[in-house]
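In what follows, a single structure is set out as structure tokens and then discussed.
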Number of protein chains: 2
Amino acid sequence: MKLLPERTVERLSKYRRVLQRELDNGTDHIYSHELAKLLHITPVQVRRDIMLIGHTGTLRKGYSIDNLIKLISEIIDCSSSVQNVAIVGIGKLGQALLDYLNDSNTKLNLSAVFDNNPDKIGTSYSGTVCYSIESLKKIVEREGITIGILTVPPEFAKEVSTMMKDAGIVGIINYTPVSLKLDGTFLEEYDVITTLEKVAYFSKPKNAKLL
Amino acid sequence: MKLLPERTVERLSKYRRVLQRELDNGTDHIYSHELAKLLHITPVQVRRDIMLIGHTGTLRKGYSIDNLIKLISEIIDCSSSVQNVAIVGIGKLGQALLDYLNDSNTKLNLSAVFDNNPDKIGTSYSGTVCYSIESLKKIVEREGITIGILTVPPEFAKEVSTMMKDAGIVGIINYTPVSLKLDGTFLEEYDVITTLEKVAYFSKPKNAKLL
DNA sequence: TTTTTAATGTGATTTTTGTAACAGTTGTTA
DNA sequence: TAACAACTGTTACAAAAATCACATTAAAAA
């Protein structure tokens, strides 16, 4: 299958979650306009996304929820090979994200957390043991970790991100305010302050986007 | 001035931060390619953003850092009227974001945090006192809060977001996994799991974006 | 002084993303 | 059975964002 657009992949993740809830409620089919309503987007966008992943619905019946979930899971998690995740830097944000992961029913598996604080190393965080950053490469290789969540203090961001790459991690979410660049890895940056300042800008009456 | 593109506003926030660091280091002018390098983007993009905000550099000298910071601040924070921020739901994520805010030198002012846990109400979190969600409207009006960070458990997301809007908040960052829709407010959604699953997708060898 | 170099500013183009329009089809109703 | 309504799938279009290409100009070098 052709590479999917980023926004489509993001929506697939959300589709799956609400679809799972529908399935748990006993629904077995859903119309594009129903799914759209749950995510506050347009039915066309839903149909297009579903088209892109090669699923096809039944006219007048909608989409089979079960099949859709299976297909999305195949695409995102690639059920054949589980992807393992590590959180690097288990401060407040790291711990918060850890809980988000544990509460979600994502198929991604959190395998380890890392920190350089001796008090933290060896401790268990929501059931996952914390290792020293020194042992990053060893554990990443042993556990087959491919994805890393970077939540260290900014001054360590660059160094640690390089260590993560060298350890074999291929996808990194960078929550530090430091802009990074790592060839050969998929790097997603999320900047808390930037987001807040953007909202501040667009919240001002003169910048409000009218609908 | 014309309404700025979202991505430009995001970059302005980042420009300001790195520019402030340069200024603190004693630099007074900067070239587009230098600024670009700090953020790992292209010089053209920097120049276009700067053009959009109506600043003009000096040929062969670059941009005046001081002027640029002042202009960006005028645009984002609108120095005439300080914007006040509240965090609604002071669990782990709320506390983590609170620390991010306190560590940053954003001009936005965190005025209050809210929760419905009696043990938390009245307590101070990193210097900011926690109020009951019951008193949201009262405090928002008293403090002139316009921006809210929503970090409550998912089951309360919809209800609390409506309360925030009714209280007069015009910009909301929704960190819950629940998709919201609020007319008349600028709503920015951030879904932790979606981000992670997106990274998982693009980290798989067959989906890697080659450069 | 003339040439070259290095930078800004911006129209034109491309890429990505979202939306509109509608053809096709299946079930329902008259 | 004929007309209609409802829903999918897709092509064509529009909007947003990024990039390219290059005109312009100030300083440096020859």
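Within every chain, numbering begins at 1; the chains are lettered A, B, ... in the order of the sequence lines, protein sequences first and strands thereafter. FYI, side chains are in, hydrogens and waters are out, and symmetry mates aren't considered; it's all heavy atoms of this structure.
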**Item:** Pair Asp191(B) + Arg17(A): basic N to acidic O under 4.0 Å
**Value:** yes
**Message:** Assess whether a salt bridge exists between Lys14(A) and Glu10(A), defined as any Lys/Arg side-chain N lying under 4.0 Å from an Asp/Glu carboxylate O.
**Reply:**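 No, Lys14(A) and Glu10(A) are not salt-bridged.
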Whole Å only: how far is the [atom1] atom of [X] from the [atom2] atom of [N]?
| X | N | atom1 | atom2 | result |
| --- | --- | --- | --- | --- |
| Asp49(B) | dT19(D) | CG | P | 11 Å |
| His29(A) | dC7(D) | NE2 | P | 14 Å |
| Leu52(B) | dA16(D) | CG | P | 14 Å |
| Ile30(A) | dC7(D) | CD1 | C1' | 14 Å |
| Lys61(A) | dT26(C) | NZ | P | 13 Å |
| Glu34(A) | dC7(D) | CD | P | 8 Å |
| Arg47(B) | dA17(D) | CZ | P | 20 Å |
| Leu68(A) | dG9(D) | CG | C1' | 14 Å |

**Prompt:** Ignoring hydrogens and angles, are the base of dT11(D) and the side chain of Arg48(A) linked by a donor-acceptor pair under 3.5 Å?
**Reply:** yes
Nearest to the side chain of [X] - [options]?
| X | options | result |
| --- | --- | --- |
| Glu6(B) | dA17(D), dT24(D), dG9(C) | dA17(D) |
| Leu59(B) | dA20(C), dT25(D), dG9(C) | dT25(D) |
| Pro5(B) | dA17(D), dT26(C), dT8(C) | dA17(D) |
| Tyr31(B) | dA7(C), dT10(D), dG18(C) | dA7(C) |

**Prompt:** Is the shortest side-chain N/O distance from Arg11(B) to OP1 or OP2 of dA17(D) below 4.0 Å?
**Reply:** no
**Message:** Between Thr56(B) and dG9(C), is there a contact of a side-chain N or O with OP1 or OP2 at under 4.0 Å?
**Reply:**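 Looking at the OP1 and OP2 atoms of dG9(C), one of them is under 4.0 Å from a side-chain N or O of Thr56(B).
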**Asked** So is Lys209(B) actually on top of Phe202(B)'s ring, under 6.0 Å and inside 45° of the axis?
**Response** yes
**Request:** Could you pull out the closest heavy-atom pair between Asn207(B) and Leu3(A), with the gap in Å?
**Result:**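 What the structure gives for the nearest pair is O-CD1, 3.3 Å.
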**Message:** Looking at Tyr31(A), is its backbone amide N or carbonyl O close enough to the side chain of Glu34(A) to form a donor-acceptor pair, meaning the two atoms are under 3.5 Å apart?
**Reply:** yes
**Prompt:** Would you find a donor on one side and an acceptor on the other, under 3.5 Å apart, between the side chain of Thr151(A) and the backbone of Val88(A)?
**Reply:**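 Yes.
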**Prompt:** So which of residues 186-205 of chain B are in contact with DNA chain C, with a heavy-atom cut-off of under 4.0 Å?
**Reply:** none
**Residue closer to the 5' end of DNA chain C, Gln45(A) versus Arg60(A) (nearest nucleotide)** = Gln45(A)
**Item:** Aromatic ring pairing Tyr175(B)/Tyr190(A), orientation class (parallel under 30°, perpendicular over 60°, tilted between)
**Value:**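 Tyr175(B) vs Tyr190(A) ring planes: perpendicular.
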**Message:** Once you apply a heavy-atom cut-off of 4.0 Å, does Arg7(A) come out as touching a base, just sugar-phosphate, or nothing?
**Reply:**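 Here Arg7(A) touches the backbone only, sparing every base.
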**Request:** Under 4.0 Å between any heavy atoms, over every strand shown, what does Ser32(B) touch: base, sugar-phosphate, or nothing? Just pick one.
**Result:**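 Answer is sugar-phosphate: Ser32(B) comes under 4.0 Å of backbone atoms only.
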**Contact check, side chains of Ile87(A) and Ile90(A), non-hydrogen atoms, under 4.5 Å** = yes
